[in-house]
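Working notes, beginning with the structure itself.
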Amino acid sequence: MHLQAFIFTAYTSASRLIFVRGETLFLCAPVFYAIGVFGSAHGVFGLLFGVIATVGLATLVGFLWSKLSDTAFIIFSLGLLFASAQVVLGIEQITGGAYGISSTAFLFHQSIFIVPAISLLIIGISAYAWNTQHGVMVSAIGQDKSLARGQSVSPMNAQIKWMIGTGVLLMATGFLWGSWRSFADVNMLHLDQLILLITGVYLGGRRLWHGIGIAFLFALFLQAIRFLPFNSVIIGGIELVIIGFVLILVARWHKFITIKT
Amino acid sequence: MTDLLLHMTGLWLVAGLVSFGIWLTEKVSHILHFGLFGLFIFGAYLSHLHLLLSVAICALLNAIFYWFFVSGISQKARHKSGLLASLGFGTVVQGASLILFQAQVITPSDQFLVFVPILLFAVLWFAFWLLWSKNKYGRNLKAIADDAAGAISLGINAYVHETVLWLFIGGIVGLAGAAFQSQFVVSPSVGFDLFLAGFAAAIATCQIAFVPVLAFFILLITTALSWFNIIPVQLSLVVPLAFVFVTLFLQHKKA
């Protein structure tokens, strides 16, 4: 089960590109992840479809990111997440639950090296992108759009490109998860999972490697809780209390969330 | 027909109360209080024991969240960090209800008990409306909402005023939980659709009196679309979301 920690770290690393580098609450990150998970049921075609769908959706979301105010974008991204969950539920209802994934084309669980290797690749790409000039520019735009305009940079282009890159990384992480577990359901789009992601993203603060390391340790800690001698409902409750409490503490004391220069 | 009317009344009361709570928190404390969804389920479970227990404990929990988190954050910084912390608060309360009530499924107690929360809500809303529009307390709250630092410099005790408000909001969400429990089966996963209908109503209007009315219309549309099989029940959440998107778009155009 420790392999799950690698995937979670890759997931948070890719998400940090918008949450922390892009300076906004990117609450629809699980939607891109879910495209990958559901795409993994259909092998190469699923991957191809995932990339096309991700690029299309990311262009739209990136456009709105550059046009809407910060609060409006946050509410929009949360709405997109819930709407996606409802659409998946609706599809499941219409197809009589036949849409669930029972087998995948790539059986990653047959080798214990594939998951860490691909996760590390995604983390590496995220880390590289973080330090590029484009990353610095997106951060500056996130803090002050007018400043970026003064430097003759188009915020819209920069943000759309950044969103597409992040979306593809998130989709790849979801594809990895789906191929490893051979299983997917709508839970990944639920609020609990979003809150887990946000906590993992913000727990490490603004520094790149702190964020990656702490997300990994946090994932291992959450898995260790499952060995407590309680039934699964109480363990689920304990997990929620810990995640929620950590998120409150992070929101209270991490200055970078609250202050925009 | 009576059942349908009771169900609609229960739904309206829940969405109306929740939207009222979200609207007030946003207007005065500048926080989109998503934590109310967890408080709502906790209130529904508690009301199985006693209605007043539900109101009192939810009010206290909401005030504790205010004391612990909101009061220490400046007004400008509250939007983003407040949203995150309120999500965390909702998760903590949801986790606590899982631990305390072990994910029990509680069947409706007595359908006609829905009128008790309605009566209580009517009294509370009227009292609050009087305070909000006809009293010094309401004027002070509006001053705090406009500029907290300025209000404090004028001698208004923002801490006490906001504490009373957060107690009130927690109490009405506890009432919403009680109304829900009197009509519907309660389990840890229910209620978010209703919360979102309330949320849509809260952000789609700027007038306090319109909030519950709009919540009612959103619910009516949602229920009618599902009732006549125009959309599957699972897609009913799309209706309040559409309200949210349209409102945001209109606000953006206006700005």
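Each chain gets a letter, A, B and so on, in the order its sequence line appears, and its residues count up from 1. Because the structure is a prediction, the values reported are computed rather than measured.
Closest of all the heavy-atom pairs between F34(B) and L78(A) is CZ-CD2, 3.1 Å. Nearest approach of I234(A) to I99(B), heavy atoms of both residues: O-CG1, 4.0 Å. Residues T91(B) and I195(A) come closest through the heavy atom pair OG1-CD1, 2.9 Å. When all heavy atoms are compared, the tightest approach of V241(A) to G95(B) is CG2-C, 3.7 Å.
Here the straight-line distance linking atom CD1 of I248(A) with atom OG of S81(B) works out to 12.0 Å at 0.5 Å rounding. Note that CG of L27(A) and CG of L87(B) are 7.5 Å apart. Values are rounded to the nearest 0.5 Å.
Both the backbone and the side chain of I238(A) come within contact range of chain B, with heavy atoms under 4.5 Å apart. There is no contact between L100(B) and chain A, counting heavy-atom distances below 4.5 Å.
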### Task
I would like to know whether L84(B) and V250(A) meet side-chain contact (heavy atoms from CB on, under 4.5 Å); could you show each step before the answer?
CA-CA 9 Å; L84(B) 284 181; V250(A) 167; 6.0 Å; no
### Query
Step by step, would you call Q94(B) with L191(A) a side-chain contact (heavy atoms from CB on, under 4.5 Å)?
CA-CA 11 Å; Q94(B) 201 185 8; L191(A) 198 61; over 6 Å; no
